[in-house]
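On a predicted model such as this, the values are computed, not experimentally measured, just so you know. FYI, side chains are in, hydrogens and waters are out, and symmetry mates aren't considered; it's all heavy atoms of this structure.
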Amino acid sequence: MRRAATIGAAIVALSAIGFAVLAQSESDEASVDGLSFLGEPVTTADIAAGETLYAKNCASCHGAELEGQPDWRRRLDNGRMPAPPHDETGHTWHHSDRNLFIVTKGGVGAVVPGYESDMPAFEGILTDDEIADVLSYIKSTWPDRQREFQAEVSVNDKGDL
């Protein structure tokens, strides 16, 4: 009887330890259902990192709430376009993951040669993983309709990085 109680206690203790480890790993590394970037699952840790990086590198132009600059569809006096919103009211969700990554890393000129933009290239400022985290954060804020549309655009984009 004593042996059965010891074995039972050990099972309960191991189960508790396993549950604690699982809960800890899920809190930081849980994949967000229905959200991927360049075909890879996005975790809650990716989104949290992306939110911090967005606030530091992007919010000054694109807005703390991803709202973009005022009158973002009308050219500025210098002929350039204001920073667009990255929320569902903008057009970011119309572009594939690949396209968004290339524009963020290399600037708009990387996709449209010769196009003049106030947006800098983030190559050398952010790593590829950090760029992916920022874009994952942005995607995480979109309603299902925009996420689903953008996911389909991404699946159909067969280009290379």
Side-chain angles (χ1 to χ4, degrees), residues 22-161:
L22 180 63
Q24 177 62 34
S25 67
E26 285 185 4
S27 67
D28 291 338
E29 295 301 323
S31 293
V32 176
D33 191 36
L35 188 60
S36 65
F37 187 77
L38 293 172
E40 297 295 321
V42 171
T43 67
T44 54
D46 296 332
I47 293 170
E51 184 174 14
T52 300
L53 290 163
Y54 176 90
K56 181 178 176 185
N57 296 280
C58 313
S60 62
C61 293
H62 291 282
E65 301 297 319
L66 296 97
E67 72 274 12
Q69 292 177 329
D71 209 13
W72 64 273
R73 290 185 176 111
R74 187 180 316 270
R75 289 199 181 275
L76 300 169
D77 291 341
N78 65 7
R80 297 178 179 185
M81 296 299 289
H86 288 313
D87 62 14
E88 74 274 8
T89 67
H91 58 80
T92 308
W93 56 272
H94 295 143
H95 303 287
S96 69
D97 288 348
R98 184 184 69 82
N99 184 270
L100 295 173
F101 183 86
I102 291 169
V103 167
T104 306
K105 184 173 181 170
V108 179
V111 178
V112 183
Y115 185 85
E116 292 189 22
S117 172
D118 290 331
M119 182 171 158
F122 282 91
E123 185 169 24
I125 298 169
L126 297 175
T127 66
D128 289 357
D129 287 342
E130 289 172 330
I131 292 170
D133 288 348
V134 168
L135 294 169
S136 295
Y137 161 66
I138 290 169
K139 289 174 59 166
S140 77
T141 68
W142 298 336
D144 289 342
R145 179 176 170 269
Q146 282 77 6
R147 270 199 219 183
E148 290 166 8
F149 179 91
Q150 196 271 339
E152 186 69 26
V153 170
S154 292
V155 165
N156 291 323
D157 182 354
K158 304 298 183 195
D160 294 325
L161 281 179

Considering only distance and modelled atom types, tabulate donor-acceptor pairs under 3.5 Å from the side chains of residues 100-115, sequence neighbours left out.
unit_1: T104; atom_1: OG1; unit_2: L100; atom_2: O; d: 2.8
unit_1: K105; atom_1: NZ; unit_2: D128; atom_2: OD1; d: 2.9
unit_1: K105; atom_1: NZ; unit_2: D128; atom_2: OD2; d: 3.4

> For E123, does the CD atom sit with more than 12 other heavy atoms under 6.0 Å from it, leaving out its own atoms?
Replying inline: no
>> Working to the nearest 0.5 angstrom, can you tell me the gap between L126 CG and C58 SG?
In response: 7.0 Å
>> Donor-acceptor pair, distance only, cut-off 3.5 Å: does the side chain of N57 make one with the backbone of L53?
In response: yes
> Is there any ring pair (Phe, Tyr, Trp, His ring centres under 6.0 Å) pair reaching into residues 58-84, and which pairs are they, with sequence neighbours excluded?
Replying inline: H62-H86, W72-H91
> Pairs in or reaching into residues 29-50: which pass ring pair (Phe, Tyr, Trp, His ring centres under 6.0 Å), with residues at least two apart or in two chains?
Replying inline: none
> Just by modelled atom types, is the D160 backbone N or O under 3.5 Å from a matching donor or acceptor in the R98 side chain?
Replying inline: yes
> Any side-chain heavy atom of I47 sitting closer than 4.5 Å to one from T43?
Replying inline: no
N/O donor to acceptor pairs below 3.5 angstrom from side-chain atoms of residues 149-156, sequence neighbours left out:
unit_1: Q150; atom_1: OE1; unit_2: K139; atom_2: NZ; d: 3.1
unit_1: Q150; atom_1: NE2; unit_2: H95; atom_2: O; d: 2.9
unit_1: Q150; atom_1: NE2; unit_2: D97; atom_2: OD1; d: 2.8
unit_1: Q150; atom_1: NE2; unit_2: S154; atom_2: OG; d: 3.1
unit_1: E152; atom_1: OE2; unit_2: N156; atom_2: ND2; d: 3.3
unit_1: S154; atom_1: OG; unit_2: D97; atom_2: N; d: 2.9
unit_1: S154; atom_1: OG; unit_2: D97; atom_2: OD1; d: 3.4
unit_1: S154; atom_1: OG; unit_2: Q150; atom_2: O; d: 3.1
unit_1: N156; atom_1: ND2; unit_2: E152; atom_2: O; d: 3.1

>> Can you confirm whether the side chains of T127 and D129 place a donor and an acceptor under 3.5 Å from each other?
In response: no
>> Using 0.5 Å steps for rounding, measure from the OG atom of S96 to the NZ atom of K158.
In response: 11.0 Å
> Judged by atom type as modelled, is there a donor-acceptor pair below 3.5 Å linking the side chain of T52 to the main-chain atoms of A48?
Replying inline: yes
>> Would you compute the distance between atom SG of C61 and atom CE of M119 and round it to the nearest 0.5 angstrom?
In response: 9.5 Å
Donor-acceptor pairs are to be reported for all side-chain atoms of residues 76-84 against protein atoms at under 3.5 Å, with residues two or more places apart or in another chain.
unit_1: N78; atom_1: OD1; unit_2: R80; atom_2: N; d: 2.9
unit_1: R80; atom_1: NH1; unit_2: S117; atom_2: O; d: 3.4
unit_1: R80; atom_1: NH1; unit_2: D118; atom_2: OD1; d: 2.7
unit_1: R80; atom_1: NH2; unit_2: E116; atom_2: OE1; d: 3.2

> Can T92 and W142 be said to form a side chain to side chain contact (heavy atoms under 4.5 Å, CB included), step by step?
Replying inline: CA-CA 10 Å; T92 308; W142 298 336; 3.8 Å; yes
>> Taking S140's backbone N and O only, do any of them form a donor-acceptor pair with R147's side chain (distance below 3.5 Å, no angle check)?
In response: yes
>> Going by the rule salt bridge (charged side-chain N to carboxylate O under 4.0 Å, His left out), which residues pair with R74 if we only count those two or more places apart in sequence or in a different chain?
In response: D71
> Can any side-chain N or O of W93 pair as donor or acceptor with the backbone N or O of E88 at less than 3.5 Å?
Replying inline: yes
